[in-house]
Amino acid sequence: MAKTLFEKIWESHVVLDEGNGRSLLYVDRHLVHEVTSPQAFDGLRMNHRRVRRPDLTFATMDHNVPTDNRSLPIVDQTSGMQIRALERNCSEFGVRLFGMDSPDQGIVHVIGPELGITIPGSTIVCGDSHTSTHGAFGALAFGIGTSDVEHVLATQCIWMDKPETFEIRVEGRRRNPHAVTAKDIMLSIIRRIGTGGGTGTTFEYRGDAISELSMEQRMTICNMSIEGGARAGLVAPDEKTFDYLRGRRYLPEKFDDMVEYWRENLKTDGNAAFDRCFTIHVDDIAPQVSWGTNPAMTVDVTGRVPFPSEYAGGFPGEEKAAEKALQYMGLKPGTPITEIHVDRVFIGSCTNSRLEDLVEAAKVVRGRKVSQGVRAMVVPGSQHVKRQAEDLGLDRVFKDAGFEWRESGCSMCLGMNPDILASGERCASTSNRNFEGRQGTGGRTHLVSPVMAAAAAIAGHFVDVREMGLT
Amino acid sequence: MKGSAIKYEKDNIDTDVILPGPYLKIHDYNELAKHAMEGLDRDFHKKVKPGDFIVAGRNFGCGSSREHAPIALSYSGIKAVVAVSFARIFYRNAVDGAFLLPIEVEEETYRDISDGDELELETAKNEIRNLTKNKTYRMKPFPDLIGKIIEAGGLFNYRP
């Protein structure tokens, strides 16, 4: 029977099938960070359990870590406690940790692929919703809560109800892929299917416009699958995937043999059926800017802040939500997006903090200055990304323009570390969520691509980067 | 299971408003509870009573995988969230630690329930009774695994 890529990976990991899709799945890689793991380790301790497969478990610290001077003590005591708890737990349970001082430290979804921990056809879990990122490699990767983290630590397995399959077909060719990025494709998709559009499903991104993306761009797409409600997002691996991975540190020994197998098997069969389908053509999409308080509240940069009635399209609940969002965001309907001024710019997060993101943003910044009154920062996703960028001289490009160049971590994506917005501050952010208070209480987030964020830093307001002649 | 409805006429109530990020560093569950729903309703902790239900629209609990969200609601007294739909990580987290029951209902049911209505939940019959309005609604049956975990009293008690 013809099968989808999802079904093939799922079936190859079922340890126990209880019927009705209720399955116990084997977990190939477990990624752990400091925020969602302390209670899980406490649970193990209380029940006198050990970590079943420390060799398949990898930990780092990213959510809490300060991104300024790492040689100073951590000021926030509770953050310090979570970080020390992870250090203690990893040493007690024999789990490999890329800690604060490690040259491999970084955002968990940046370092997984970069260290070759993420491999095609595997199952990956992490106590973080953006685990979907790893799907870019054809890995079935789920975000889970702390109870499931404990369950996986103890058993290396997870109970799951089988999600439905949802084909996201991305067709066409962008006129200028340097100006209209993977982020713009993904925001365009979420805008159309809604934040709950993929609830209970796994996306598989297919089509010419996906094949042409680099691995880093595919990661940006898969990262935000959760913002469309999906449990996971997949892209079938191809030569780009294998080339990206070759030579990375934690790959299995028989990598080349595995590539043979992956090439042959990790794809959706020609006549396989998906439970649901959605197609988007990218030929004419514009750079996207979110105006509201969820990622579906997004318009073209050439557009205006919508009137609630126009956004709602006849759904009264949506109209109220839009009114409330506009109030929170301090925006007037009808305002051209390019007239929205920003106070802060954040280039970073597991969505957009990889080398290519920084290379592209630097093209916009080179030889220019950050607009007066704007505070802009670049937070590389990992220490590796940071060093690679510095080797290319990107740190100088950003610093000369007036950007802060920081240490790696989640930073201003989620308001858990010192990098936050003050109430009322408006930020062009390359992160993934514009929820109320996400970047700090009262902070106002506009989700954009790295080049759009960089351009907003220079101009002080949003601009259409298609007019910048980026190549 | 009986309780009164605390209703939010809102879709997409995300985990960042259910429990804002800065509180993810708190390990004491009763302390977490003091910040439940803080991003949406600063008075929540004053009005919630043990046994209350939250009633909301579509895609409740979207966003982060933080189990702190259902924990904070649970320790503030919430026994069930009645919503048109749930984001899947929240849905699972709610039952894994037997924190609260995530009950899915039709859009009309959500619209019909008013803030303060007395509700009685009978999951064995897939029914919700509105004692204030003297009406009975259907709840959607739990998916297979979620139902089994609830029956067992949490993930760690579940045996295949």
Side-chain angles (χ1 to χ4, degrees), chain A residues 16 18-24 35-36 38-39 42-43 47 63-64 76 78-79 81-82 126-129 131 142-151 159-161 163 194-196 199-200 226-227 229-231 293-294 296 317-318 320-321 324 414-416 420 433 435-438 440-441, chain B residues 9-27 29 38-40 57-71 84-99 107 110-111 142-149 154-156 158 160:
Chain A
L16 201 60
E18 291 283 290
N20 296 330
R22 177 162 39 106
S23 298
L24 187 68
V35 177
T36 53
Q39 286 95 338
D42 286 348
N47 293 292
H63 284 59
N64 268 301
D76 184 319
T78 50
S79 285
M81 275 167 59
Q82 270 190 344
C126 173
D128 189 279
S129 58
T131 307
F142 301 110
I144 58 175
T146 300
S147 295
D148 279 319
V149 170
E150 183 180 341
H151 193 275
W159 282 105
M160 293 279 292
D161 269 322
T195 52
T199 302
I226 183 78
E227 264 50 75
R231 283 309 307 266
T293 51
N294 73 53
E318 294 288 309
K320 254 182 84 176
K324 191 156 179 293
L414 87 167
M416 267 202 83
I420 52 169
R433 290 189 178 132
F435 297 155
E436 288 187 25
R438 172 80 178 179
T441 309
Chain B
E9 276 184 51
K10 199 172 182 323
D11 295 332
N12 301 313
I13 293 178
D14 60 73
T15 50
D16 276 86
V17 300
I18 299 171
L19 191 80
Y23 306 122
L24 296 178
K25 297 172 218 167
I26 298 173
H27 288 208
Y29 291 172
E38 192 175 294
L40 182 64
R58 284 176 289 162
N59 203 23
F60 187 92
C62 61
S64 132
S65 69
R66 59 189 72 164
E67 203 158 302
H68 309 67
I71 292 172
V84 180
S85 64
F86 289 90
R88 257 37 197 177
I89 307 181
F90 179 93
Y91 198 55
R92 174 64 175 269
N93 285 346
V95 303
D96 266 356
F99 297 120
E107 181 94 26
Y110 152 66
R111 298 214 174 284
F142 294 114
D144 203 40
L145 178 60
I146 296 288
K148 298 279 183 199
I149 294 174
L155 177 67
F156 292 98
Y158 171 58

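FYI, side chains are in, hydrogens and waters are out, and symmetry mates aren't considered; it's all heavy atoms of this structure. Below, read A as the first sequence line, B as the second, and so on, with proteins coming before strands; counting in each chain starts at 1.
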Quiz item: Which answer fits A:Asn294, side chain, backbone, both or neither, if we ask what part of it has an atom under 4.5 Å from a heavy atom of chain B?
Solution: side chain

Exercise. Report yes if the side chains of A:Phe142 and B:Arg88 come closer than 4.5 Å at any heavy-atom pair, otherwise no.
Key: no

Quiz prompt | Under 3.5 Å: donor-acceptor pair, side chain of A:Glu436, backbone of B:Val17 | solution = no

Quiz item: With a 4.5 Å heavy-atom cut-off, do A:Glu150 and B:Phe156 have their side chains touching?
Solution: yes

Quiz item: What do the steps show when you test B:Leu155 against A:Asp148 for side chain to side chain contact (heavy atoms under 4.5 Å, CB included), and what is the final call?
Solution: CA-CA 8 Å; B:Leu155 177 67; A:Asp148 279 319; 3.3 Å; yes

Quiz prompt | Closest heavy-atom pair and its distance - A:Gly145, B:Glu67 | solution = C-OE1, 3.3 Å

Quiz item: Between A:Glu227, A:His63, A:Met160, which residue shows the highest count of heavy-atom pairs closer than 4.5 Å to chain B?
Solution: A:Met160

Exercise. Please state whether the side chain, the backbone, both or neither of A:Ile144 comes within less than 4.5 Å of a heavy atom of chain B.
Key: backbone

Quiz prompt | Heavy-atom proximity to chain B below 4.5 Å, by part of A:Leu16 | solution = side chain

Quiz item: Where on B:Phe60 is there a heavy atom nearer than 4.5 Å to chain A: the side chain, the backbone, both, or neither?
Solution: neither

Quiz item: So how far is it from B:Tyr91 OH to A:Thr199 OG1, rounded to the nearest 0.5 Å?
Solution: 11.0 Å

Exercise. Report the distance from atom NZ of B:Lys10 to atom NZ of A:Lys324, rounding to the nearest 0.5 Å.
Key: 5.0 Å

Practice problem: Would you mind reporting whether A:His151 and B:Tyr158 have side-chain heavy atoms less than 4.5 Å apart? | Solution: no

Self-check item: Qualifying residue, where the test is side-chain contact (heavy atoms from CB on, under 4.5 Å) with A:Arg22 and the options are B:Ile149, B:Leu145, B:Ile146
Solution: B:Leu145

Self-check item: Short N-O contact, B:Lys25 and A:Asp76, less than 4.0 angstrom
Solution: yes

Practice problem: Count the heavy-atom pairs under 4.5 Å between each of A:Asp42, A:Asn64, A:Thr36 and chain B, then report the option with the highest count. | Solution: A:Asn64

Quiz item: Just by modelled atom types, is the A:Arg438 backbone N or O under 3.5 Å from a matching donor or acceptor in the B:Asp16 side chain?
Solution: no

Quiz item: Which answer fits A:Asn47, side chain, backbone, both or neither, if we ask what part of it has an atom under 4.5 Å from a heavy atom of chain B?
Solution: neither

Practice problem: Select, from B:Ser85, B:Pro143, B:Ser64, the one with the greatest count of heavy-atom pairs under 4.5 Å involving chain A. | Solution: B:Ser64

Exercise. Write down the atom of A:Ser147, the atom of B:Gly97, and the distance for their closest heavy-atom approach.
Key: OG-N, 4.1 Å

Exercise. Find out whether A:Thr146 and B:Arg66 are in side-chain contact, i.e. whether some heavy atom of one side chain is under 4.5 Å from a heavy atom of the other.
Key: no

Quiz item: Roughly how far, to the nearest 0.5 Å, is CH2 of A:Trp159 from CG of B:Asp96?
Solution: 12.5 Å

Self-check item: Contact winner vs chain B - A:Ser79, A:Ala321, A:Ala230, heavy-atom pairs under 4.5 Å
Solution: A:Ser79

Practice problem: Quick one: which of A:Asp128, A:Thr131, A:Thr293 has the most heavy-atom pairs under 4.5 Å with chain B, could you say? | Solution: A:Asp128

Practice problem: First locate atom CD of A:Glu18, then atom NZ of B:Lys148, and finally report the distance between them rounded to the nearest 0.5 Å. | Solution: 8.0 Å

Quiz item: Considering only heavy atoms, which portion of B:Asp144 lies under 4.5 Å from any heavy atom of chain A: side chain, backbone, both, or neither?
Solution: both

Quiz item: Hey, are B:Arg58 and A:Glu318 close enough for a salt bridge, meaning a charged N less than 4.0 Å from a carboxylate O?
Solution: yes

Exercise. With a 4.5 Å cut-off on heavy-atom pairs, point out which of B:Pro22, B:Gly63, B:Cys62 contacts chain A the most.
Key: B:Gly63

Self-check item: Test side chain to side chain contact (heavy atoms under 4.5 Å, CB included) applied to B:Ile89 and A:Ile226, step by step
Solution: CA-CA 10 Å; B:Ile89 307 181; A:Ile226 183 78; 3.8 Å; yes

Quiz item: Under the 3.5 angstrom rule, does the side chain of A:Gln82 hit a backbone N or O of B:Leu24 as a donor-acceptor pair?
Solution: yes

Quiz item: For B:Pro20, is it the side chain, the backbone, both, or neither that has a heavy atom closer than 4.5 Å to a heavy atom of chain A?
Solution: neither

